[in-house]
Every structure is written in C-alpha cells, then in structure tokens.
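Please read the structure below before turning to the comments.
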Amino acid sequence: MEELAINNKVIILHFGELWLRGRNRNKYIMSLIRNIKSALISESYSMLYYYDRIILKLLTDSNVDSIEKKVSTIFGLSAYETAVVTAPNIKSIRKTTEEFIKELKKKNAKIVKINSHRSYKEHEFNSIDVIKDLTELLNKNNFQVLTKGFDSEIYVSIAKEHAFVYLDKKKALGGLPVGTSGKCIILLSGGIDSPVAAWFAMKRGLQPIFVHVHAYTTNDEAYNIKIGELYKILSQYATKPKMYIFPSSIFQAYTAQYNLGRNNTVILKAFMLRLADKISKLEKTPIIYTGESLGQVSSQTPWNLLAESYGVKSEILRPLIGLDKDEIVKIARKINTFDISAKEYKDVCTLNYRNATTSVNLEEFKDQVKKIQLSKILLKTLKEGKLYN
Ligand code: ATP
Ligand code: MG
C-alpha cells in the first residue's frame, strides 16, 4: 500500500455511512473506487484505502482545484477535505497548524473554531489537549478562539498512524455510487426537467442510458445542436453512459394522415415511452425515468399519464412528480444543465401542445394507437436510431 508521509497534501474522501454497514459494503466500495478512478482519469494523484476513507495523495504536479471539482460530481461520497498529513502527536499537530496561520490571515479570519476528532483513541493525548495547545498558538497569532460566532474553522482529525489538519470540510453529493443499482433508461428531452430526473436516477446509483427523440433531419444534427452538450454535462456524474437518438420523422409522417385531434401529444408521448421500453429490453433494465411534474402541462395530467404508459412493460419512475417548476430550475442550475436546456431547440412536442386534451379517453386512445399502427412506427424508427457513447 502507498504510504503517507508528514507534510503530504491529501484529499480525504468520506462515504455515505448508511450503506457502509450493510452486507454489500465491499461491492459499493469497489464501485466507488472504480467511479473515482474513472472521474479522475486525466489527473495526477495516487490513491489509498485508509480505514473507512479513501485518500487521494496529491503529487507535485497535481491540479488540486480540478481534482476537487471532479470529486464534487461523484455520487456515493458524503464529504471531502483537502488536508496536510502530520504525525499523531501534539508537537507535530501544532507545527502543521502553524503552516495554516498564513492562510487564515489571508482569509481575514478573526474568530476561529477548533474542531478536533480522534478516530483512534489510544494516544496519550485527547482532543481537549489538542484544542488547548492550538488555542494558545492561535491566540499568540492574534486570533480569538470560540465555538460560537466564529468566521473560520480549523480541523484536526487524528488516526492511529497519522493526523490530518485542514481548514474546510466540503459537503459532497451523497447518494449511491453510480452503477450499484444497475442501469436505467432516461427519456431525455432538450428541456429543463428531464436532465434533473436523470440526476435523481444517478443519485440512487443507476447508470444512465439516455433515449432522445428529435425533430431534426439527422441524428447528428440533433446531437450537435444541443442534446450532445446536455449528454456531456450529465455524463460527468456517470460512468459509461450511453445515448440513443431517434428521429420523430417516421411518427410524424405516419400520423399526419390521421386526425388525432387533441390526443396528438399524448400519443406522441406514448410513442416515446414505447421506444424507451424497447431499449430497456435491449439493455436489460426494467426502469424508465421521465421528467414529468403532475399538472405542469396537459400531457402530465393523471388520465394522460395513464394513457401514455399503457402497454409499457418497464416500470416508469417520475422523480419530479411532486416538484414545482422553481424547485426543478434550482436543481437544474446547481447541476449546470439549466443554461443548455434554456437554449433554443426544435422540440418535438411543442408542435402538438396547443389545445392538447387534459383528459384523454383511454378507449379512444387505444383505437387511435391501433389505427396509426404504432408498433410499425416503432420498428421503423428503431432502425433509424444511432448510439452515442
Ligand atoms: P422536459 O422539461 O423534460 O422537456 P416537459 O416539461 O417539456 O419536460 P413533456 O413534454 O410532457 O414535459 O415531457 C415529459 C417527459 O417526457 C420529459 O421530461 C422526458 O422525460 C420525456 N420527453 C419529452 N420529450 C422528449 C424527447 N424529445 N425525447 C425524449 N424524451 C422526451
Ligand atoms: Mg420538453
């Protein structure tokens, strides 16, 4: 195992603790390590498994900001901190803390809270001793030390062979490592909602396989104009994602000869869900994620949702069903998909939106699906798809 030495700079990664105790612990940790390696593939560092943590040892040519940024996109981590390694004794901890004084001054810190935690309790000193010693050091350097009303913090984490000193503890994404729950299909539009639904799927450990239907002349055109960009952003959270892109032209050509009236949108959605259902069979996953929020638009009323899902064998999950638009937008901004989603795009659905029914009649819907030969449309469309990965 890679060794840690005094003064090494490291990033300490903490896992979500709930699943740590479960029976699948090793499987989760192996997946997490695989995901970390894949996210940091172009970075310079070395990795150690250190008790219940993963440590990234930084090397002289490491780009700390870039590594931290990538770490912040990995599901299954609860927190991380960039720390300096020292020996587990008061003298060394003090010496290492001295190195942080300059940084505290640069931050314009006045009141500092000292946090000391021992994961190994057999040393001859305890956390109170550390706090006493460091309080003296900080006071000498004109900082006040308080546990309330502080503007900065310093952390000391003491293990058996090492101690770690750092200034910031950063919250990570939480969730489960991507892939540990298997795969899922995500119906990805160019809009704001479905990328957020994808984020929720990945958060629960699902590896995403995106399915997109476009209104452009070629699949590449749709990919290059917008959907490829969304795919790339979302891929930062995933390992080995894939995306299938299909044209809507066959559906449009077949249905143009019939008057579907106000059911048009619901039938289009049914087409997309059945297409996703075919891909879910191909990819051997039982789940489809979509981005509906109840009542947001006419296709998202209870009766319409029922009709759209009719005949779909996979389980359809709608993680945004109870969210308001502003709540969805807030997440979209946080995960950096909002600006791309807001860009102009020829949306397949918008053509049919106006005047769409809010309460489709299931029997009428079934008749229409038969009349337009939806199964035939699906088979033809599947042949026109393209896989991107
Ligand atoms: P979004 O913001 O995700 O586009 P929306 O508010 O436009 O959603 P709908 O048009 O009813 O709502 O779409 C609901 C869901 O159906 C989407 O969240 C997505 O999962 C799926 N969907 C819609 N259009 C497409 C498309 N062109 N390709 C693939 N899936 C789509
Ligand atoms: Mg949309």
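Order of appearance sets the numbers: ligands from 1, and atoms from 1 within every ligand.
Considering backbone and side-chain atoms alike, Asp193 places an N or O below 3.5 Å from some N or O of ligand 1. Checking only distances, Ile192 does come within under 3.5 Å of ligand 1, N or O to N or O. Looking at Gln300 next to ligand 1, an N or O pair under 3.5 Å apart turns up. Residue Gly291 has at least one nitrogen or oxygen atom sitting less than 3.5 Å from a nitrogen or oxygen atom of ligand 1, judged on distance alone. The shortest N or O to N or O distance between Ser189 and ligand 1 is below 3.5 Å.
At least one heavy atom of Lys269 sits less than 4.0 Å from an atom of ligand 1.
Counted by atom type alone, Asp220 and Tyr388 present one or more donor-acceptor pairs between their side chains at under 3.5 Å.
Contacts with ligand 1 closer than 4.0 Å are made by side-chain heavy atoms of Gln296 only, the backbone lying farther away. At a heavy-atom distance under 4.0 Å, no atom of Ile186 approaches ligand 1.
Each of the following atoms of ligand 1 lies closer than 4.0 Å to a heavy atom of Val348: 27 (N). Close contacts between ligand 1 and Val211 involve ligand atoms 29 (C) [criterion: under 4.0 Å to a heavy atom].
Of the charged side-chain nitrogens involved, none lies within less than 4.0 Å of a carboxylate oxygen, so that Lys346 and Glu221 do not count as a salt-bridged pair. Note on Arg25 versus Asp52: salt bridge recorded, some NZ/NE/NH1/NH2 to OD/OE distance being below 4.0 Å.
Side chain of Asp168 to backbone of Lys170: no donor-acceptor contact under 3.5 angstrom is found. Under the 3.5 Å distance criterion, the side-chain polar atoms of Lys226 are matched with a main-chain donor or acceptor of Ser341.
Between Tyr50 and Phe164, the distance separating the two ring centers is shorter than 6.0 angstrom. When ring centroids are compared, Phe200 and Tyr289 stay outside the 6.0 Å threshold.
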